[in-house]
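Read through the structure below, which is laid out as structure tokens, and then see the notes.
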Protein chains: 2
Amino acid sequence: MGKQGSNATKDAEVIAPFQSHVHDHGQCVADAISAAETRCAEDGSSFTPLRREVLELVWSSHGPIGAYELLEKLRDSRRNAAPPTVYRALDFLMEHGLIHRIESLNAYIGCGDPERHHGAQFLICRDCQSVAELDDKAIGRAVTRRADALGFDVEQQTVEVIGQCADCSAREPDDRK
Amino acid sequence: MGKQGSNATKDAEVIAPFQSHVHDHGQCVADAISAAETRCAEDGSSFTPLRREVLELVWSSHGPIGAYELLEKLRDSRRNAAPPTVYRALDFLMEHGLIHRIESLNAYIGCGDPERHHGAQFLICRDCQSVAELDDKAIGRAVTRRADALGFDVEQQTVEVIGQCADCSAREPDDRK
DNA sequence: TTACGTATGATATATTATAACATTCAGAGT
DNA sequence: ACTCTGAATGTTATAATATATCATACGTAA
């Protein structure tokens with residue numbers, strides 16, 4: 001499978017696993033861009049060079065990345081990029097389901113499955129900052145079940161879990177404060 | 001029951017319901033303060049006048065409130081309060097489980113059940129900004145089950161649900177964009 | 001009384017995000 | 001080709017949120 005880091009079958013619950021340290025980075029960025037092209041073509045939205053470039057930068061970081069860090073990198077190719085340059089692109093990418101915002105980090109990350117609308121949950125490793133993107137139906141259902149019971153109409157769920165990933169616990173067993 | 005807006009029995013799953021518009025506000029603030037005193041006395045931490053005052057302000061707002069809004073109010077009684085004044089107090093209150101931070105709003109809210117350690121989920125009404133605090137075991141379990149399956153060790157869960165509360169949907173039925 | 005730790009005061013600055021207005025540019029209709 | 005329009009981007013300024021750092025106060029234990 002050419003697309004490392006994604007197992008986007010119709011109802012996958014793990015959208016993007018923690019990144020193994022060895023993988024074809026260039027390929028997974030390229031795959032994300034091409035999925036974005038498809039998606040934007042489908043909804044007739046314009047995937048401009050700027051937006052493409054920002055999406056590439058998000059994917060290249062391969063983990064959550066802040067808007068101002070993106071801005072710095074963007075300036076390599078666009079000397080006069082300013083905060084709105086980046087924020088507008090990020091807004092576009094979020095509206096079109098190409099990236100997610102991680103609220104608890106004020107950061108952004110590529111969506112592992114832009115072809116499909118889905119809820120999302122994130123497991124965030126406090127040590128290596130890697131992130132796994134999930135679309136766990138059981139979590140989503142548990143939330144909506146309780147919300148329904150209270151007459152609350154759910155529009156958007158933010159589920160972000162901080163902890164330690166398997167690799168990092170293996171590396172420093174039981175070394176938690 | 002003196003404590004309106006709280007049904008903190010041992011394993012309540014709704015910690016604090018949406019606020020009814022009529023309730024004894026003064027009483028519920030007073031109850032929160034007295035619960036905080038108890039809690040701090042128990043762990044030997046010092047519940048200073050400043051920290052008390054900030055907690056009172058958080059509860060008085062009876063909904064999520066931002067740090068700088070708190071700062072303004074705090075200045076009524078402390079002319080030279082500065083951002084660190086507020087942020088230190090907020091940090092203390094969070095560390096001691098007396099308030100929660102709502103990541104998706106950059107805001108703070110009183111914890112409805114400070115006597116007890118618990119996970120928390122929030123239902124946030126996009127119209128009236130009221131918030132319900134939950135401790136839904138099914139949600140928490142769904143999260144940890146999936147995390148376990150991936151070898152991820154959960155330390156902290158952030159679950160924030162945006163939508164429309166029952167009162168507001170009754171008020172403007174089907175008026176969603 | 002001194003020494004120490006905790007809390008607060010005070011000043012400056014970092015970080016994240018948006019407002020507002022100007023310019024460019026591609027495509028639709030003429 | 002011309003012009004109108006709307007979307008995208010450029011540009012400047014500022015808002016909103018949060019932290020770093022050093023100074024001062026104050027209680028308390030030695």
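The model shown is predicted, which means the values in this text are computed figures rather than measured ones. Protein chains get the first letters and strands the later ones, always in sequence-line order, with residue 1 at the start of each.
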Rounded distance (Å) that lies between atom P of D:dA16 and atom CG of B:Leu70:
15 Å
For the pair B:Gln164 and B:Asp127, evaluate side-chain hydrogen bond (donor to acceptor under 3.5 Å, both in side chains) and give the outcome as yes or no after the intermediate values.
CA-CA 7 Å; B:Gln164 197 180 36; B:Asp127 285 352; 2.7 Å; yes
What pair of heavy atoms forms the shortest contact from B:Arg101 to B:Glu160, and how long is it?
O-OE2, 4.0 Å
Mapping A:Thr85 and B:Ala67 to their closest nucleotides on DNA chain D, which lands nearer the 5' end?
A:Thr85
For the side chain of A:Pro83, starting at C-beta, report the closest nucleotide among D:dA18, D:dT9, C:dA17.
C:dA17
Please check the phosphate of D:dT11 (OP1 and OP2 only) for any side-chain N or O of A:Asn80 closer than 4.0 Å.
yes
Quick one: CZ on A:Arg52 to CD on A:Glu37, what's the gap to the nearest 0.5 Å?
4.5 Å
Using a heavy-atom cut-off of under 4.0 Å over every strand shown, decide if B:Arg78 touches base, sugar-phosphate, or nothing.
sugar-phosphate
Report yes or no: do A:Leu71 and A:Leu55 belong to one cluster of Ile/Leu/Val/Met/Phe/Trp/Tyr joined by side chain heavy-atom distances under 4.5 Å?
yes
B:Thr48 side chain, from C-beta outward: closest of C:dT8, C:dT16, D:dT17:
C:dT8
Could you give the CG-to-P distance, from A:Asn106 to C:dT18, as a whole number of Å?
11 Å
Check the distance between C:dA7's C1' and B:Leu93's CG and give it to me in whole angstrom.
14 Å
Starting from A:Val143, can I reach A:Leu123 by hopping between I/L/V/M/F/W/Y residues whose side chains sit under 4.5 Å apart?
yes
Against the side chain of B:Pro84, the closest entry in D:dT12, D:dT19, D:dT9 is D:dT19
Quick one: on DNA chain C, does B:Ala82 or B:Phe92 contact a more 5' nucleotide (nearest heavy atom)?
B:Phe92
May I ask you to verify if any side-chain N or O of A:Tyr108 is less than 4.0 angstrom from the OP1 or OP2 atom of C:dA17?
yes
Grab the CG-P distance between A:Leu71 and C:dT18 for me, whole Å please.
15 Å
Report the residue (B:Arg51 or A:Asp91) whose heavy-atom-nearest nucleotide on DNA chain C is the more 5′ of the two.
B:Arg51
Is there ring stacking between A:Tyr68 and C:dT16, where the centres must be under 5.5 angstrom apart and the planes under 30 degrees?
yes
Rounded interatomic separation in angstrom, taking CG from A:Leu90 and P from C:dT18
10 Å
Could you tell me whether the phosphate oxygens of D:dA18, OP1 or OP2, come under 4.0 Å of any side-chain nitrogen or oxygen in B:Arg101?
yes
Just the rounded figure in Å: distance from P of C:dT8 to CZ of B:Arg79.
19 Å
OP1 or OP2 of C:dA10 versus the side-chain N and O atoms of B:Arg88: is any pair under 4.0 Å?
no
Between A:Tyr108 and A:Val54, is there a shared hydrophobic cluster once you connect ILVMFWY residues whose side-chain heavy atoms come closer than 4.5 Å?
yes
Could you state the atom-to-atom distance from CD of A:Glu72 to C1' of C:dT15 in whole Å?
12 Å
Rounded interatomic separation in angstrom, taking CG from A:Leu74 and P from D:dT11
13 Å
Any B:Tyr87 side-chain nitrogen or oxygen under 4.0 Å from OP1 or OP2 of D:dA18
yes
